[in-house]
Structure formats: C-alpha cells, structure tokens
Amino acid sequence: MEPRPDRRTPAASTAVPAARTAPGHAEVAGEIEVRRSARRRRTVTAYREHGRTVVLIPAAFTAAEERRWVDQMVAKLQTREERRRRTLGSDDELMARARELSAAHLDGQAVPVSVRWVENQNRRWGSCTPADRTIRLSGRLRGMPEFVVDYVLVHELAHLLEPTHNAHFWSLVHAYPRAERALGFLEGVEFGSDGSLPAGDGAADDADDELEPGAVS
C-alpha cells in the first residue's frame, strides 16, 4: 500500500521515548514504550510495533497519569486482539472479509484469487499483484483497529480494478467511508515510529484504540 498523493508539512511535534515494562503485564504485553508528545492534549493511543506495545500520551501527563493510562490501554489492546483472533486470525477469514468489503464498497467487482497475511512486509501495510490477483497484508496490522485493516484491504482491492494511483483509484478507495480516518491512524503510527509522516498531516487522534482522560474509569 503506497501513501496517498498529497503531501503536506506535518505539524511540529516532539516525542520522548521511554521504554519500560509495565508491572503485571510483562507476561502478555512484553516491553512497553511510552512516547510523550507536545502535539497531544487529551488523547491517548496504543498499538503494537515490532513485538512491543507503544503508548502515545500527552507530554503534560504526570507519572501517575502515565501509569494509569498505560494499564488501561494495554488492557484495551489485549481485549481487541482477542476479538480479532476470533475474526481475522486466518487467511481464509481475511479472504472472506475482503469479499465482503468488495461487495459493500466496490460493487463486488474486485475479486481476488487469494488474500493472506505475510510477515516480511516492514515498509508497506499491504501489497497487490493485479496480474495474478493476489493480495498480501502485513502482519504489523494485527491488533490494529478493524477499520484500519478494512481500509488496507479496500486499498489493495482497488488495485485489482486500477493498478496505478490515479484519480480513479483514489475515488475507489474513498468509497470506503472511513478511509481518511484510517489513513490518519496509519500516518500517526508511522510518525511515532520514525518521527516523520510519509504523507499528509493526519494523526491518530480519533482512532478506535484511543481514549480521552475521563472516558474510562
């Protein structure tokens, strides 16, 4: 999956990584890295990255707030991943989901021969080979919100109808109503990984794996 064509200068941001293992969660979550950002005012985000859990918090949080929100977000991720393992855990389930999305958003015209998870895509979220109608999704997407996985599937399905990233292609992609939201989430993940956005200025400030202080007791 390639970035969308528009490129804008990202807003100023700081990220101060502080790797630690949360007490009580090491056996299920592994290493937890907390990244503080001055761009964040209220929202807290968490996702898996290269075998560890990354939690993005506002720079103004106290140590006590950090501990509380890390615990809540780790628990939220674990719950969502358990749900996902029951739905899109296998290639067959991923294929079934691709067919559903094609029928719902692409008039059923995008018909893949196979859709599968792969673990060797570290620079792309997904890829498509129109010649043999195969689609591959990066294992890095596992544990991310369902609407994000759906977006990547729609993106790759659209390549079965239009191989290039032209205006027609993007009109197909944006038939998926949560395309912009998913792009913002993925751009936020990329920003948290290397300090730069590949395209656009979106961040994951309204994604499903985010919470606002006060939203969860």
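Atoms considered below: every heavy atom in the structure, side chains included; atoms not considered: hydrogens, waters and symmetry mates.
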Open item on the list: My understanding is that only residues two or more places apart in sequence, or in another chain, count here; which of them pass side chain to side chain donor-acceptor pair (under 3.5 Å) with Glu162?
Closed with: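 Partners of Glu162 under the side chain to side chain donor-acceptor pair (under 3.5 Å) test: Thr164, Asn166.
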
Open item on the list: Would Arg142 and Glu119 count as a side-chain contact (heavy atoms from CB on, under 4.5 Å) here? Give the steps.
Closed with: CA-CA 10 Å; Arg142 292 181 184 272; Glu119 302 301 327; 3.9 Å; yes

Kindly say whether [Y] contributes a backbone atom to a donor-acceptor pair with the side chain of [X] at under 3.5 angstrom?
X	Y	result
Arg36	Ala59	yes
Arg40	Ala60	no
Arg136	Asn120	no
Thr45	Leu56	no

[X] versus [Y], closest heavy-atom pair with distance:
X	Y	value
Val173	Ala179	O-CB, 4.0 Å
Ile57	Val44	CG2-CG1, 3.9 Å
Pro130	His159	CG-O, 3.6 Å
Trp170	His165	NE1-O, 3.7 Å
Leu172	Val154	O-CG1, 4.4 Å
Trp125	Leu141	O-CD1, 3.4 Å

Open item on the list: Pair Ser114, Asp91 - check side-chain contact (heavy atoms from CB on, under 4.5 Å), show working.
Closed with: CA-CA 8 Å; Ser114 73; Asp91 292 347; over 6 Å; no

Open item on the list: I'd like to know if the side chain of Ser90 pairs up with that of Asp92 as donor and acceptor (distance under 3.5 Å, no hydrogens or angles considered).
Closed with: no

Test of understanding: with side-chain contact (heavy atoms from CB on, under 4.5 Å), list the residues that count as partners of [X], not counting sequence neighbours.
X	answer
Glu100	Arg97
Ala63	Arg67
Val113	Arg133
Ser171	His168

Would you indicate whether the side-chain heavy atoms of [Y] and [X] approach each other to under 4.5 Å?
X	Y	result
Leu186	Val152	yes
Arg140	Gln121	no
Leu94	Ile135	no
Pro112	Met95	yes
Leu183	Tyr151	yes

Open item on the list: Would you compute the distance between atom CD of Glu66 and atom CD1 of Ile32 and round it to the nearest 0.5 angstrom?
Closed with: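 Result: 10.0 Å between the selected atoms.
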
Task: Point-to-point distance, once rounded to the nearest 0.5 Å, from NZ of Lys76 to CG of Asp71 - done: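 That separation rounds to 15.0 Å.
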
Task: Val34 and its side-chain contact (heavy atoms from CB on, under 4.5 Å) partner, picked from Val70, Thr53, Val54 - done: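 Looking at Val70, Thr53, Val54, the match for Val34 under the side-chain contact (heavy atoms from CB on, under 4.5 Å) is Val70.
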
- [ ] List in chain and number order the residues that pass ring-ring contact (aromatic ring centres under 6.0 Å, His included) with Tyr176, two or more places apart in sequence or in another chain; answer none if no residue qualifies.
- [x] His105

